[in-house]
Amino acid sequence: MSYRFLDHTADIALEVYGSCYEELFESSAIGWREAVINLSVDGDEERRFYINENTPEELLVRFLDEMNYLLYSKRWIFDSIKTINIIGKNGQWQLDCLLTGAYFSDPSLIKEEIKAVTFHQMSIQKVNNEFTTRIIFDI
Amino acid sequence: MIVNGVQLNKITDELWEIPAHGNMRVPGRIYISRKMIEDQLQNDEAIKQVINVAHLPGIQKYSLAMPDIHWGYGFPIGGVAATDLDEGVISPGGVGYDINCGVRLARTSLHSDEVLPKLEKLVDSLFKNVPTGVGASGAIKKITPKELKSILSEGSHWAIKNDFGNDEDTQFTEENGKLKDADPDAVSERAIERGLDQAGTLGSGNHFLEIDIVDEIYDQKNAATFGLFPGQIVIQIHTGSRGLGYQVCDDYLKVLLKAEEKYGFRLPDRQLACAPVKSQEGKDYLGAMQAAANFAWNNRQIIMHLAMKSFMDTFGLSQHGLNFRLVYDVCHNIAKIEEHNIDGKIKKVCVHRKGATRAFAPGSSKIPLQYRESGQPVLIPGDMGRYSFVLSGTQKSMDETFGSSCHGAGRTQSRNQALKSAKGRDLVKELRQKGIYIQAKGIKTIAEEMPEAYKDVSNVVDVMHKAGITKKVARLKPVGVIKG
């Protein structure tokens, strides 16, 4: 799993990598978490996502959107991704993911308010046997 | 000239055209100086976004961009496009995530001589009274989802009904502080959830509340009409629809992405997802977007009232004693149904302004009676170290840009670059030496938002002035700033 932050004039840009879609999505989630919060939790509360979309990029955006929603509306942050499965078949992409995490009460731990996960420059490609894409967060 | 691989033809010193080519339905037009093209546009994808916008079905006349053009999501920032109501589309990418991000300017009868000796006390009071920063809660009692839906319908009228201002304030707010076709039921539960504790909050990033001095007057007559005089203390508020607006945009981008297939549109950028204005999807987005816009006006109304209270407490004066009044409130991220002259006929169109400000001319029935001779005030914030501007709308704006002008200046440095430049420096002290007292949630915010991280807004304003789109009225110099 890996990611790196890119210099970006106005917003936050992340480049993520993974040997498979699951790793790519996990890298994205961890990179997103580093961008938004100064907190690591020892979470034991589980949350499950089932998401269906038409493309892997739309799936990734929805996945990170869910993280965003939980953070800003529920003050809940994930600690680890216990399981994640992504299937792309017949023009449909599905994600089934189980996270553990915890609630937090101090809003000052949030580093940035991400307005949205954008599609800008997002294109999941396989390069040298590794999946990669850019993700731009509008702040 | 060729800019970033794109042919750009000079029309005037301030106006350049991209000829229609490929699948562009109309030409592109950018208001910008040659120097700004060379210094900024050469390295910015935004010019290609002007071309992309020209692909929108039903787009009228030109895909426009103002001189603060820089790349955004879908439309460039500074982008303006009007689409036909019957054959054209509406696109969230032409509004932005921060629906009705905008600026409000209030004036007082105080002179800087009276305020500067108490500046720190005033700014500290503002920082205490106005909720700022990520996660800050509202300054109003906890509201229910039902009350929030009232805000989405009533805009700033809700704040006034709840004792955050006077009826007169709505007259001096664009659209009288309320878009009537707002549809709160088109706003998702998630968006409602995000907005529940954010009513009356300033937010973070480039949002701010600023105490300014009117330090230069360019147009005596219009300045007097707006109630501005040299040395006067005024207040600027820059904020938008917060998490509620972001969620509305996000929700509908996804709805309209799916709608594109249904309507057979092929746009060059996913962030330009759109639907016919009169389709169910288009109407739902318009209704939700207008609801979010109303939320933003309500926010700015509440914050202005809280600011006034800080002034009252600091100076021991009543609102009447301060002569604290709203000059005007403008949006710079919005899409609205307006009437414009298209090739000699008055036509209703859907005007998208993404990082662009309405700038209606003298005589327009849509602006307050008091401003019918001067034209609409246009508020252009700069960075916290230099200046902001008050302009006025002109007939040329109506003729050329669907009654639109610029909105501010973009960044020159990324946040990382700004943080690096700030290392080892005492920015609060540097600002203090310039006569500016700042309170912010963190030193990181001050570093990220430092003046040198932004372009000089006077260059932007000068292009619009020379092009005759808006006229300079006054310049404002910051002395007190609060940021999230």
S.K.: Tell me the side chain to side chain donor-acceptor pair (under 3.5 Å) pairs involving residues 129-139 of chain A, sequence neighbours left out?
M.R.: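 For residues 129-139 of chain A: Gln121(A)-Arg134(A).
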S.K.: Hey, is Glu53(A) close enough to Lys254(B) for a salt bridge, meaning N to O under 4.0 Å?
M.R.: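 Lys254(B) and Glu53(A): not salt-bridged.
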S.K.: Is any side-chain heavy atom of Tyr97(B) less than 4.5 Å from a side-chain heavy atom of Thr118(A)?
M.R.: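 With C-beta onward as the side chain, the pair touches.
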S.K.: Given a strict heavy-atom distance threshold of 4.5 Å, which part of Gln413(B) is in contact with chain A: side chain, backbone, both, or neither?
M.R.: backbone
S.K.: With rounding to the nearest 0.5 angstrom, report the OH to CD distance, Tyr69(A) to Gln247(B).
M.R.: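 That separation rounds to 8.5 Å.
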S.K.: Using every non-hydrogen atom in the two residues, find where Asn54(A) and Glu261(B) come nearest and quote the distance to one decimal.
M.R.: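 Shortest heavy-atom separation between Asn54(A) and Glu261(B) comes out as ND2-OE2, 3.9 Å.
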S.K.: Taking all heavy atoms of His8(A) and all of Ser414(B), pick out the closest pair and write down the distance.
M.R.: O-CB, 2.8 Å
S.K.: Given heavy-atom pairs under 4.5 angstrom as the criterion, report whether the side chain, backbone, both or neither of Ile12(A) touches chain B.
M.R.: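 For Ile12(A), neither part sits under 4.5 Å from chain B.
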S.K.: Could you tell me the separation between the CG atom of Asp7(A) and the NZ atom of Lys420(B), rounded to the nearest 0.5 Å?
M.R.: 6.0 Å
S.K.: CZ/Phe5(A) to CG/Asn416(B) distance, rounded to the nearest 0.5 angstrom?
M.R.: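 Reported value, rounded in 0.5 Å steps: 9.0 Å.
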S.K.: Rounded at 0.5 Å granularity, tell me how far CG in Leu257(B) sits from CD in Glu58(A).
M.R.: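 Separation between the atoms: 5.5 Å.
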S.K.: How long is the gap from OG on Ser73(A) to CD on Gln198(B), to the nearest 0.5 Å?
M.R.: 8.0 Å
S.K.: When you compare the side chain of Glu448(B) with that of Glu112(A), does any pair of heavy atoms fall below 4.5 Å?
M.R.: yes
